[in-house]
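We use all heavy atoms of the structure for the numbers below, so side chains are in, but hydrogens, waters and symmetry mates are not. Each ligand, and each atom within it, is numbered from 1 in the order the structure gives.
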Amino acid sequence: MAYSFRHLIEHKRDGGVLRSGEIRWIIAEYTNEHLPDYQMAAMLMAIFKEGLDGHELEVWTDAMLHSGQVMDLSHIDAPKVDKHSTGGVGDKVSIPLAPMVAACGAAVPMMSGRGLGHTGGTVDKLESIPGFRTQLTPDEFASIVEKTGLVLAGQSESLAPADGAIYSLRDATGSVPSIPLIASSIMSKKLAVGLGALVLDVKVGRGAFMKTLDRARLLAETIVGIGKTHGTPVVAVLTDMNQPLGRMVGNANEIAESVEVLRGGGARDLVEVVYRLGEEMLMLAGVESERADARTRLEKAVASGAAFEKLEQVTIAQGGDPAVLHDPSLLPMAENEHVVIARESGYVVRVDAFDIGTAALRLGAGRERKEDAIDPAVGIAIEVKVGDEVTAGQPLARLRWNDEGRLANALPITESAFEVSEHLGTPLVYGEVR
Ligand code: URA
């Protein structure tokens, strides 16, 4: 049955409820390129404003999930567990985490996303490894996870294609931070690969799509609920995204930092989140029942080199050049560097993740329009964390850039991302009203 898309948009815009047949028609027709982007963008904005009720969300997610093939990995004996983030700045957690968990005996069929808005995406980061293919056919996806216990892919023409199309449209039209749109995006691609269980990293704070704990909790509950409907256990962990995670923000530079974690190093906050989520994954998969044992297992996988070897195996299996993992200086890196310095001495009280993510996007690490290519070689190294003491003249951030106009556009927001104060900690008095 054909509907008037204009009428459906108006209906949603005015607070109406979409019926199951209408939702399935919208998703199928848009995936098959029978509906124009401008109308779909308007529908997404109407949903952003008006939301979806429980039944609409269930049908919307199911229609996206069935927009392509749904895989069956039940022939793989190992327990299958995946992890997904709702999106952050410097959030490269999946890249060290997935090989660590795979090295501990679980199978990780990971289906990730590209950068969205000011946040980076695992798929874009992985593609900065020369040759690394993230667009896999369902057969390739299944055979790589069977062989290596791990696969790191993006949605494709055959797997959750509706998410691919809607994701980039939302990115370019400002309709990302919507609970039903994020929940359906994540769960449609996760359920399409037949995973056994999912650990969800719900980011909260300035650099996240959910700015408050209440909104983050609601998103977590929504996704856990979709998991329950589909018989897939989901555990959500709420983690801080007020300042960027780790030190690197970009693409190739985040691969280098991920390798550091697999070598036993890495920034404390990044390492902490990686291990916390790893513990949840091993417990949810039934590999360990106690958190402390899960932690020890993960630590051993890193110390023995087994986790690094997993990343190497999957890189080779997906066509990437493993030499860059052994020597990250071979990764693309812009030659030009601009250093932002502290203008005064004191304590760092703010490193704004949203501003830093926006600055990285302006340098070319993300997309302004859906057809934009990203530059894997540009990015920002953050030299300080909140609470650090700095002296005037000390570097706060190093920007790697390739285009002078882009640098000029990124600099003011990078500089204003940092706040240095005489006093440590958040102020007790926020302001006054007379
Ligand atoms: N991650 C996704 O996969 N989708 C979203 O909409 C946001 C984060």
Side-chain angles (χ1 to χ4, degrees), residues 27 30-31 40-41 43-45 47-48 51-52 57 60-61 63-65 67-68 82-95 97-98 109-127 134-135 152-156 159-193 195 198-205 207-211 215-216 218-224 226-227 232 234 236-239 241 245 254 273 277 353-354 357 361 366-367 370:
I27 299 289
Y30 184 62
T31 308
M40 191 60 173
M43 174 56 89
L44 294 169
M45 192 53 80
I47 293 174
F48 177 87
L52 292 176
L57 176 60
W60 186 277
T61 308
M64 285 176 67
L65 158 64
S67 63
D82 193 0
K83 168 261 169 188
H84 200 81
S85 160
T86 57
V89 177
D91 181 4
K92 71 280 296 169
V93 167
S94 290
I95 300 162
L97 174 62
M110 188 172 272
M111 172 83 98
S112 301
R114 294 196 178 276
L116 262 188
H118 64 282
T119 70
T122 301
V123 166
D124 292 329
K125 292 168 199 179
L126 288 169
E127 286 180 355
T134 58
Q135 302 295 291
L152 301 169
Q155 67 69 225
S156 66
L159 295 169
D163 181 53
I166 293 174
Y167 195 87
S168 49
L169 196 57
R170 286 167 58 217
D171 187 21
T173 57
S175 56
V176 173
S178 146
I179 289 179
L181 293 179
I182 294 178
S184 56
S185 160
I186 291 178
M187 290 309 275
S188 62
K189 55 180 169 274
K190 293 293 164 178
L191 295 167
V193 299
L195 81 164
L198 175 68
V199 172
L200 185 69
D201 183 5
V202 181
K203 298 286 186 204
V204 55
F209 295 120
M210 299 296 109
K211 308 286 184 209
R215 295 262 305 154
L218 189 57
L219 175 59
E221 284 162 8
T222 305
I223 295 182
V224 170
I226 298 176
T232 301
V234 179
V237 181
L238 279 65
T239 66
M241 186 36 70
L245 194 58
E254 294 200 37
V273 174
L277 296 173
F354 176 80
L361 172 77
R367 295 176 188 79
K370 70 182 219 177

Looking only at heavy atoms of [X], does any of them come nearer than 4.0 Å to an atom of ligand 1?
| X | result |
| --- | --- |
| G113 | no |
| Y167 | yes |
| G121 | no |

| query | Does the side chain of Y167 reach to within under 4.5 Å of the side chain of L116, using non-hydrogen atoms? | reply |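 Yes, at least one pair of side-chain atoms sits under 4.5 Å.
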
| message | I want to check something: taking the side chain as every heavy atom from C-beta on, are K190 and V234 in contact at a cut-off of under 4.5 Å? | response |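 No, their side chains stay 4.5 Å or more apart.
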
| request: Consider only side-chain N and O atoms of D91 and S85, and report whether a donor and an acceptor are under 3.5 Å apart. | output: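 D91 vs S85: donor-acceptor pair found between side chains.
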
| Side chains of K203 and T239: do they bring a donor and an acceptor to under 3.5 Å? |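 Yes, because at least one side-chain N or O of K203 sits under 3.5 Å from a partner of the opposite role on T239.
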
| query | Are any of the N/O atoms in D163 less than 3.5 Å from those in ligand 1? | reply | no

| task | Could you tell me whether some N/O pair between T86 and ligand 1 is separated by less than 3.5 angstrom? | result | no

| Judged by atom type as modelled, is there a donor-acceptor pair below 3.5 Å linking the side chain of S67 to the main-chain atoms of A162? | yes

| field | Minimum heavy-atom distance between A216 and L238, given as atom pair plus value | value | CB-CD2, 4.0 Å

What is the nearest protein non-hydrogen atom to [atom], stated with its residue, atom name and distance?
| atom | result |
| --- | --- |
| atom 1 (N) of ligand 1 | H84 NE2, 3.3 Å |
| atom 3 (O) of ligand 1 | K189 NZ, 2.5 Å |
| atom 7 (C) of ligand 1 | L116 CD1, 3.5 Å |
| atom 4 (N) of ligand 1 | S185 OG, 2.7 Å |

| Given R170 and S178, is the side chain to side chain contact (heavy atoms under 4.5 Å, CB included) satisfied, shown in steps? | CA-CA 10 Å; R170 286 167 58 217; S178 146; 5.6 Å; no

| query | For ligand 1, which atoms sit closer than 4.0 Å to a heavy atom of S85? | reply | 1 (N), 8 (C)

| request: Taking only heavy atoms of I186 into account, list the atoms of ligand 1 that are under 4.0 Å away from them. | output: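 Going through ligand 1 atom by atom, the ones under 4.0 Å from I186 are 1 (N), 2 (C), 3 (O), 4 (N).
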
| D171 with R367: basic N within carboxylate O range, under 4.0 Å | no

